[in-house]
Amino acid sequence: MPLPLTLTLWCQLFHQNHLNSVVVFILQGMSQLHFYRFYLEFGFLRKAFKHKFRLPPPSSNFLADIIGLQNKETAGDLPKTIEGSLPSANSKASVNLQNDPIIQKYGSKKVGMIRCLLTKEEMKTFHFPLQGSPDCENFIPTKCNGSITDNSPLFGLDCEMCLTLRGRELTRISLVAEGGCCLMDELVKPDDKIVDYVTSFSGITKKILNPVTTKLKDVQRQLKALLPPDAVLVGHSLDQDLRALKMIHPYVIDTSLLYVREQGRRFKLKFLAKAILGKDIQCSNRAGHDATEDAATALELARYFLKYGPKKIAELNLEALASPQELQAAGQDPRNTREVVQHPNSILECLDSVGKKLFFLTRETDHTEIRSSGNCRTVKCLSNKEVFEQARMEIPLFPFSIVQFSFEPFSPLLTEEMNKRMRIKWTEMSTVYAGPFSKNCNLRALKRLFKSFGPIRSMTLVLETHQPHLYIRYEVLEAAQLAIESLNGVLVEGICIKVQRPVTELTLDCDTLVNELERDSENRDTIYLSGVHDTFKQHLLQQSNLFLGLEAVILPKDLKSGKQKKYCFLKFKTFASAQRALHILTGKDWKLKGRHALTPRHLHAWLRGLPPESRRPPGLRVIPPPSEQEALQTLRADHPKIAAWRWSRKIGRLYQSLGPGTLCLILLPGTNR
């Protein structure tokens, strides 16, 4: 079953039905400074992860916020206004019926049962198992294909699941007929080994399931025999129940969608039962949910909708009846109840909605207060090595895992020094010396020549040498590299010139670094172009048939004037598309200069964000070599450089062991969270 995922403002997830699990690795104590300071050591991370983002954490305790630590299982008592099946009149105030999603879908008049059935398109949208779907090849149809009328019989269905080595599997099924008669209430033993009974939701324990011999195929056969040809199944989030049964049924009413609110958000069955029917279900003093009770409740909710009609449901103003806890779970301000809806807005809420469990693995020294609970298993280890070993065993068993490694962060003084050195390094990598030139060289022509490779921050004539040289500091690394590749060893004004970077401690491995930057997964499909004008984008789009696979055109602007700069980046779907476009755009028709990109967009933003004191004018900088003690320190196993290399490889091993359909993220939250 696809895992529900709350999307954020920086991420849009396509093909969500292919998502089987999510794994988040947190390298606590490491930051973007570590990543670029030890870029060559982080070999696996830079090659395997194509998308890199620079995001500020939402709060000082971002991990608890993301997981939903404050929201988990907070469905407390409902307000005192809900004593019976109908709310008091004051809850109807200020309800705009015309804009209510139920009125918009069904109208204001009563509807027949057929109108409440999900269409085939809706079933596809909400991931119901359908005949012919690639993920339903082994599913069994109920053979209910008779003619449907408004008088066709309704059957409430609810299933409980546990977690096995293969994922979520059926452990209990309940089928209830109209009138409340329970036709079927069976315990089911999964074929695979159970790793978590999820007792807080399912009510199932090892002791209860031990004597059971009933298998999935037995209940499939029994259900097919019980259902008449025109049977309509009713349930709350019924897609999950049918997937647990591995069965396909064409006629369904899903009460979570029947009572849907704005933006497709849904209330929980517990809330709807109390707010509409005046019933208390899933009480905290019970061990888990009662499948028969849940099935009967869903059936009652469907009958209520048919009896009173959409207008009555809209007038109930369910948002006004929700408790502060319900509203908090919806991520809304309880004081503004007209726009409040119940919807999972955190990881725990999402997992809770499908009866799944979060796995959180960290070290004992970490102070994050995330304890084990009904829908969260927390394991604390003594060392990063133990975290690694535990992760290898446990990650395959959970749909959502958060694995946190802890490292000693840079001290504030060292962080300041490292920031300074990084800015100097990128400045020197973007700087070239060119020459020699004749003493009567044409400086204006030379400036035009070097400017054709990209924007120049400063250009100085160096007269310390026998013949003049030029010091050129470029705005972007790609421009400097393009100048070196294009002009080094070339005759300029009759003299063979050299174009090279300044040789300092920070640029000794520059050639290796440039090669690795070009092979970075984020840069491989992107090209850099210089010499573009205001009409470039328009001409590019007019001839888009030449540039298949073009995904983005990035046109930087001057921060002060707002004018478009004369260089750009083009991002393509594949390396081959980028290579082909580069060949065309640097040809005789377009006459641009360009090469493959070296710097991702987030790097420029990060460099701009470094402290102002590290932005000094270019010039010769002598950085003192490390002392003997510092040099020996670098060879220690716990040095950040060694740690970066070692843990990049270890995370690579964990990554390679992940199953298909896994979304993997790595967070480097830094020292200041």
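Just so we're clear, the structure is a prediction, and the values are computed from it rather than from any experiment. The chain is numbered in sequence order, starting from 1.
Here the side chain of Asn20 pairs a donor or acceptor atom with the backbone of Pro660 at under 3.5 angstrom. For the pair Arg473 (side chain) and Ser458 (backbone), a donor-acceptor distance under 3.5 Å is absent. When atom types are taken as modelled, the side chain of Asp558 and the backbone of Lys563 share no donor-acceptor pair closer than 3.5 angstrom. For Ser648 (side chain) and Phe44 (main-chain N/O), a donor-acceptor pair under 3.5 Å exists by modelled atom type. Between the side chain of Thr431 and the backbone N or O of Thr427 there is at least one donor-acceptor pair closer than 3.5 Å. Checking side-chain atoms of Ser133 against main-chain N and O of Asp135 turns up no donor-acceptor pair under 3.5 Å. At least one donor-acceptor pair closer than 3.5 Å links the side chain of Ser530 to the backbone N or O of Ser452. Looking only at distances, no side-chain donor or acceptor of Ser406 sits under 3.5 Å from a matching main-chain atom of Gln28. With hydrogens and angles ignored, the 3.5 Å screen pairs a side-chain donor or acceptor of Arg46 with a backbone N or O of Tyr39. Looking at Thr507, its side chain does come within 3.5 Å of a backbone N or O of Pro502 through a donor-acceptor pair.
Considering only heavy atoms from C-beta on, Ile651 comes within 4.5 Å of Leu27 through its side chain. The shortest side-chain heavy-atom distance between Leu508 and Val503 falls under the 4.5 Å cut-off. For the pair Ile495 and Phe437, the minimum side-chain heavy-atom distance is 4.5 Å or more. Counting heavy atoms from C-beta on, the side chains of Arg653 and Phe388 come closer than 4.5 Å. At a threshold of 4.5 Å between non-hydrogen side-chain atoms, the residues Arg501 and Glu428 do not count as touching. Inter-residue side-chain proximity for Phe49 and Tyr655 is flagged as met; some heavy-atom pair is nearer than 4.5 Å. The shortest distance between side-chain heavy atoms of Tyr528 and Leu598 does not fall below 4.5 Å. Counting heavy atoms from C-beta outward, Leu513 and Lys425 have side chains that approach closer than 4.5 Å.
Taking the six-membered ring for Trp and the full ring otherwise, the centers of His596 and Phe575 sit less than 6.0 Å from each other. The aromatic ring centres of Phe453 and Tyr474 sit 6.0 Å or more apart.
Annotation: Lys565, atom NZ; neighbour count of heavy atoms from other residues, nucleotides and ligands within 6.0 Å is above 12.
Rounding to the nearest 0.5 Å places CG of Leu506 at 12.0 Å from CH2 of Trp426. One finds the CZ atom of Phe35 at 9.0 Å from the CD1 atom of Ile666 (value rounded to the nearest 0.5 Å). Between the CZ atom in Arg524 and the CD atom in Gln579 there is a gap of 9.0 Å [rounded to 0.5 Å]. A distance of 5.5 Å separates CG in Leu540 from CG in Leu550, rounded to the nearest 0.5 Å. From Leu482, atom CG reaches atom CG of Leu487 across 8.5 Å, with rounding to the nearest 0.5 Å. To the nearest 0.5 Å, the span separating CD on Glu493 from CG on Asn440 amounts to 8.0 Å.
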Verdict with supporting geometry, Tyr567 and Glu475, side-chain contact (heavy atoms from CB on, under 4.5 Å): CA-CA 11 Å; Tyr567 71 95; Glu475 188 175 311; 3.4 Å; yes
Test side-chain contact (heavy atoms from CB on, under 4.5 Å) applied to Arg363 and Asn384, step by step: CA-CA 7 Å; Arg363 284 177 60 176; Asn384 282 336; 2.9 Å; yes
Candidate pair Val499 and Val490, rule side-chain contact (heavy atoms from CB on, under 4.5 Å), full reasoning: CA-CA 9 Å; Val499 182; Val490 172; over 6 Å; no
Test side-chain contact (heavy atoms from CB on, under 4.5 Å) applied to Lys447 and Leu443, step by step: CA-CA 6 Å; Lys447 185 168 185 178; Leu443 284 177; over 6 Å; no
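In this structure, Val23 and Thr662 approach most closely via the heavy-atom pair CG2-CG2, 3.9 Å. Across every non-hydrogen atom of Leu461 and Pro468, the tightest pair is CD1-CB, 4.0 Å. Across every non-hydrogen atom of Lys120 and Leu130, the tightest pair is O-CD1, 4.1 Å. Shortest non-hydrogen contact noted between Met418 and Arg37 is CE-NE, 2.7 Å. Heavy atoms only, all atoms of each residue included: Phe572 and Glu551 are closest at O-OE1, 3.8 Å. Closest heavy-atom contact between Pro556 and Cys568: CD-CA, 4.1 Å.
Paired with Val403 under the rule side chain to side chain contact (heavy atoms under 4.5 Å, CB included), one option of Ile395, Thr362, Val24 passes, and it is Ile395.
Legend: salt bridge (charged side-chain N to carboxylate O under 4.0 Å, His left out) pairs involving residues 571-596, not counting sequence neighbours, sorted by first then second residue: Glu485-Arg595, Glu518-Arg595.
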